[in-house]
There are 2 protein chains.
Amino acid sequence: MAFPAARHDHSACIQAALDAAEQECRRRGARLTDIRRIVLELVWESHRPVGAYALLESLGRQGRSAAPPTVYRALDFLLAHGLIHRVTSRNGFIGCPHPGHAHGGQILLCAQCGMAAELDDPALDREIAQSAARLGFTVNRQTIEVEGHCPTCQAQARDDTPQ
Amino acid sequence: MAFPAARHDHSACIQAALDAAEQECRRRGARLTDIRRIVLELVWESHRPVGAYALLESLGRQGRSAAPPTVYRALDFLLAHGLIHRVTSRNGFIGCPHPGHAHGGQILLCAQCGMAAELDDPALDREIAQSAARLGFTVNRQTIEVEGHCPTCQAQARDDTPQ
DNA sequence: GGGAGAAACGTTATAACATAACAAAATTCA
DNA sequence: TGAATTTTGTTATGTTATAACGTTTCTCCC
Ligand SMILES: [Zn+2]
Ligand SMILES: [Zn+2]
Ligand SMILES: [Zn+2]
Ligand SMILES: [Zn+2]
């Protein structure tokens, strides 16, 4: 789950995500309808969290203008089947690069460029479960959102500060 | 940081929080004005995350009706000085039981009763920082919100399921 | 193929959360 | 006191999310 590089073949990201979604939906007997596929594709337009209303506008630009419930329903479906993750601290959504592969939401967010990546560290899940258990608390779901600086932006900062 | 028991002397919680806030503000040269103190007190009315508009209504019931910006400004102040934490997954706020004592937001949320508690496990912070570092990512801030079941609600579930 | 039932979608309206902008009041401090 | 700063009041609006209900599309069995 490397952090997305500044320049990479992003169309490949999108294609891979759509293929994985197709497969995961087949496996689950879920229907990846037109709208759902299009919304997923739009979520994947970047590696940044996208808001529901930004998706609405994107849909409009594609000539498929819609009302909020349409987008929210598609997002609910994609969330329910693990094809996207919600980024609560940004009121946005990002595509999941490996649906099906069970994992809690561990998300890295670059404060500079806004890019997001998944961390997906099982040791972290265990540590949280253990730590919570010490207080007698049992864990269902966990949301981890880490803000910081991605490798690319750090490198840039070094270049911009000659010294 | 034990999970708050179902029955406990909650007025003591409130008083302790207000005292700690007073002290922390003095230490920082910050002004804990009337509204700010009242909002803090209202946040502490329960151990559950409270929304800004719920606080607005509470203010109204106290005869201090106000507009949204008043509450949001008070919340911003309390956040800035570490007297409360934001619970992004609930669009709410909870009081911090130990302001001043630096700590990232690690919050446990009971899906049953809605109660919240802080986890505050430094090992967790380290694990995240290390795990992120392996991807070349440096951490600024982290939001950890864990949903599950508190000790009280687990005990209740056992009682309600005789078998 | 036809029809009952379920799932998905369209549409309108509204709820819930948050901030911009500017005026008035209170506080600080020289 | 009086200027500078901070805090609060007020109006308006922006942003995010859902309720409710009717229509269409799909599924599956006969
Ligand atoms: Zn990409
Ligand atoms: Zn970056
Ligand atoms: Zn208490
Ligand atoms: Zn509980």
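Below, read A as the first sequence line, B as the second, and so on, with proteins coming before strands; counting in each chain starts at 1.
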From I107(A), L108(A), L109(A), residue fulfilling side-chain contact (heavy atoms from CB on, under 4.5 Å) relative to V146(A)
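When I107(A), L108(A), L109(A) are each tested with V146(A), the side-chain contact (heavy atoms from CB on, under 4.5 Å) holds only for L108(A).
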Angle by which the axis turns from one end of the helix from dG1(C)-dC30(D) to dA30(C)-dT1(D) to the other, five pairs per end, to 10 degrees
30°
Quick one: list whatever passes ring-ring contact (aromatic ring centres under 6.0 Å, His included) with F93(B), sequence neighbours left out.
none
Set of residues satisfying ring-ring contact (aromatic ring centres under 6.0 Å, His included) with respect to Y72(A), sequence neighbours excluded
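With sequence neighbours excluded, Y72(A) shows a ring-ring contact (aromatic ring centres under 6.0 Å, His included) to no residue whatsoever.
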Verify the contact: side-chain N or O of [X] to OP1 or OP2 of [N], cut-off strictly under 4.0 Å; return yes or no.
{"X": "T33(B)", "N": "dT8(D)", "result": "yes"}
{"X": "N91(A)", "N": "dA17(D)", "result": "yes"}
{"X": "R36(B)", "N": "dT7(D)", "result": "yes"}

Please report, rounded to the nearest Å, how far the C1' atom of dC9(C) is from the CG atom of L32(A).
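It works out to 15 Å between those atoms.
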Quick one: which residue pairs count as a ring-ring contact (aromatic ring centres under 6.0 Å, His included) with a foot in residues 33-52 of chain B, not counting sequence neighbours?
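Qualifying pairs, neighbours excluded: H8(B)-H47(B), H10(B)-H47(B), W44(B)-H47(B).
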Which residue pairs pass the ring-ring contact (aromatic ring centres under 6.0 Å, His included) test with at least one member in residues 113-159 of chain B, sequence neighbours excluded?
F3(A)-F137(B)
Which part of the nucleic acid, if any, lies within reach of R37(A) when heavy atoms closer than 4.0 Å are counted: base, sugar-phosphate only, or nothing?
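R37(A): no heavy atom of the nucleic acid under 4.0 Å.
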Are there more than 12 heavy atoms of other residues, nucleotides or ligands under 6.0 Å from atom CD of Q62(A)?
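Count over threshold, so yes.
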Anything under 3.5 Å between a protein N or O and an N or O of nucleotides 23-29 of chain D, put it in a table, one pair a line.
none

Could you list the residues that satisfy salt bridge (Lys or Arg N to Asp or Glu O under 4.0 Å) with [X], not counting sequence neighbours?
{"X": "R28(A)", "result": "E24(A)"}
{"X": "D19(A)", "result": "none"}
{"X": "R134(B)", "result": "D121(A)"}
{"X": "R141(B)", "result": "E147(A)"}

Using the test side chain to side chain donor-acceptor pair (under 3.5 Å), find all partners of E22(B) that sit at least two apart in sequence or belong to another chain.
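Scan of E22(B) (side chain to side chain donor-acceptor pair (under 3.5 Å), adjacent residues dropped) gives none.
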5' precedence on DNA chain C between R86(B) and A30(A) (nearest-nucleotide basis)
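Taking each residue's closest nucleotide, the earlier one in sequence belongs to A30(A).
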Is there a donor and acceptor pair, one atom on the side chain of Y53(B) and one on the base of dA15(C), closer than 3.5 Å?
no
Can you pull out the residues from residues 56-83 of chain B that lie within a 4.0 Å heavy-atom distance of DNA chain D?
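Contacting residues: A67(B), P69(B), T70(B), R73(B).
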